[in-house]
Participant: 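Structure in structure tokens, see below.
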Amino acid sequence: MRVLLVTWTDQLQQKLLILNPELEYCAIVVDEVKPAKEILKRVGLPVTLLHPLYDLKECVRDFYYDYVLCVETGFYDEKIMTVLQKYDVSKDKFLSFANLNSPQNFALDRILRYFKEHAQEFEIFATGISYTQVCLDVTQFQRKLFNFGKSSQDLYYDFQVAKHAIIYGGA
């Protein structure tokens, strides 16, 4: 997969270590090019990939890429997405991995695997947004409850989680 990577320079090395080494970069857009050159040398990538943030429009226009990959905080991603839409980058070409190395990004996968292995131990399940996640006290139920609640989870994923729970829980 060929990507156009957009990130802050102070997070570049960490992001390059986390991302799949098989990715092919057409360009790496950063806020500070000079310190980013040293980072690319350390990780073995050519410094010719680097471009300053103010060249983002030209990078989007001039390079072939499958996706624009932004691995920052959600706020930064939203700003970049707004700018990229002005440059005619479709939403399906933009991948945002806010807090990519955060353990919560992989929590749902672990939760689903755990439930699959222990589904017979639970009689009921709950799914929903942050209210369900943090306010549902599973110890207050007479039956054993599994809480799938997750902050900002939309109805589509609630439905997918519920399907998973029904399939593996036999409910």
Side-chain angles (χ1 to χ4, degrees), residues 1-116 127-134 147-161 164:
M1 177 170 48
R2 189 168 169 88
V3 299
L4 170 63
L5 177 64
V6 182
T7 188
W8 293 118
T9 301
D10 64 349
Q11 297 182 16
L12 177 61
Q13 184 167 341
Q14 177 190 24
K15 302 308 181 192
L16 290 172
L17 294 173
I18 293 169
L19 292 170
N20 185 337
E22 299 298 316
L23 287 176
E24 180 184 350
Y25 299 99
C26 65
I28 298 174
V29 179
V30 294
D31 56 327
E32 297 179 53
V33 173
K34 189 175 179 179
K37 285 182 181 181
E38 295 304 314
I39 294 168
L40 287 192
K41 287 177 187 175
R42 282 196 299 270
V43 298
L45 289 172
V47 296
T48 54
L49 291 172
L50 285 173
H51 297 272
L53 195 55
Y54 57 79
D55 282 348
L56 180 59
K57 182 178 184 177
E58 290 78 14
C59 291
V60 166
R61 182 191 65 215
D62 297 340
F63 291 107
Y64 166 76
Y65 53 86
D66 296 307
Y67 296 99
V68 175
L69 178 60
C70 188
V71 283
E72 297 303 329
T73 64
F75 176 71
Y76 181 68
D77 285 353
E78 288 176 24
K79 286 178 70 176
I80 290 294
M81 184 61 210
T82 302
V83 169
L84 290 171
Q85 284 177 326
K86 289 178 186 175
Y87 301 156
D88 295 323
V89 175
S90 66
K91 286 184 177 183
D92 62 339
K93 289 266 188 187
F94 180 78
L95 295 175
S96 171
F97 292 95
N99 303 315
L100 181 63
N101 63 338
S102 171
Q104 65 221 35
N105 282 331
F106 305 101
L108 184 58
D109 182 53
R110 283 194 314 265
I111 289 167
L112 291 174
R113 267 189 278 123
Y114 179 86
F115 184 80
K116 183 178 178 180
T127 185
I129 61 175
S130 58
Y131 297 114
T132 307
Q133 179 184 15
V134 297
N147 187 354
F148 285 105
K150 185 164 175 33
S151 181
S152 299
Q153 185 162 282
D154 64 16
L155 288 173
Y156 173 81
Y157 288 105
D158 281 338
F159 178 70
Q160 297 304 317
V161 167
H164 179 89

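We're numbering straight along the sequence, starting at 1.
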Participant: Apply side chain to side chain donor-acceptor pair (under 3.5 Å) to D158 and list each qualifying residue two or more places apart in sequence or on a separate chain.
Facilitator: T127, Q153

Participant: Contact between L56 and L84 at the side-chain level, heavy atoms closer than 4.5 Å - yes or no?
Facilitator: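 Contact flag for L56/L84 side chains = yes.
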
Participant: Roughly how far, to the nearest 0.5 Å, is CE of M1 from CG of N20?
Facilitator: 7.5 Å

Participant: Could you pull out every donor-acceptor pair under 3.5 Å between side chains of residues 26-44 and any protein atom, sequence neighbours left out?
Facilitator:
from, atom 1, to, atom 2, distance (Å)
D31, OD1, T9, N, 2.7
D31, OD1, T9, OG1, 2.9
R42, NE, Q13, OE1, 3.2
R42, NH2, Q13, OE1, 2.9

Participant: Please identify each residue that fulfils side chain to side chain donor-acceptor pair (under 3.5 Å) with E24, with sequence neighbours left out.
Facilitator: R2

Participant: Apply side chain to side chain contact (heavy atoms under 4.5 Å, CB included) to residues V6 and L53 and explain how you reach the verdict.
Facilitator: CA-CA 8 Å; V6 182; L53 195 55; 4.2 Å; yes

Participant: Enumerate the ring-ring contact (aromatic ring centres under 6.0 Å, His included) contacts for residues 19-39, please, sequence neighbours excluded, ordered by first and then second residue.
Facilitator: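 Of all non-adjacent pairs touching residues 19-39, none passes ring-ring contact (aromatic ring centres under 6.0 Å, His included).
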
Participant: Within a 6.0 Å radius of atom CG on L17, are there more than 12 heavy atoms belonging to other residues, nucleotides or ligands?
Facilitator: yes

Participant: Taking atom OH as the centre, does Y87 end up with more than 12 heavy-atom neighbours from other residues, nucleotides or ligands that are less than 6.0 angstrom away?
Facilitator: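 For Y87, atom OH is crowded (more than 12 foreign heavy atoms under 6.0 Å).
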
Participant: We want to know whether D62 and Y64 form a side-chain donor-acceptor pair, criterion being a heavy-atom distance below 3.5 angstrom.
Facilitator: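 Short answer, no.
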
Participant: List for me each residue that meets side chain to side chain donor-acceptor pair (under 3.5 Å) alongside D55, sequence neighbours excluded, and say none if there are none.
Facilitator: none

Participant: Any ring-ring contact (aromatic ring centres under 6.0 Å, His included) involving residues 27-51? Give me the pairs, sequence neighbours left out, ordered by first then second residue.
Facilitator: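 Qualifying pairs, neighbours excluded: H51-F63.
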
Participant: Do L12 and L5 pass the side chain to side chain contact (heavy atoms under 4.5 Å, CB included) test, and can you show the C-alpha distance, the side-chain angles, and the key distance before you say yes or no?
Facilitator: CA-CA 10 Å; L12 177 61; L5 177 64; 4.2 Å; yes

Participant: As an exercise, state the distance from NE2 of H164 to CG of L112, rounded to the nearest 0.5 Å.
Facilitator: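 If I round to the nearest 0.5 Å, the distance is 4.5 Å.
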
Participant: Aromatic rings F148 and F115: how do their planes relate, parallel, tilted or perpendicular, breaks at 30° and 60°?
Facilitator: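 Perpendicular.
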
Participant: I want to check something: taking the side chain as every heavy atom from C-beta on, are L19 and V3 in contact at a cut-off of under 4.5 Å?
Facilitator: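 Contact flag for L19/V3 side chains = no.
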
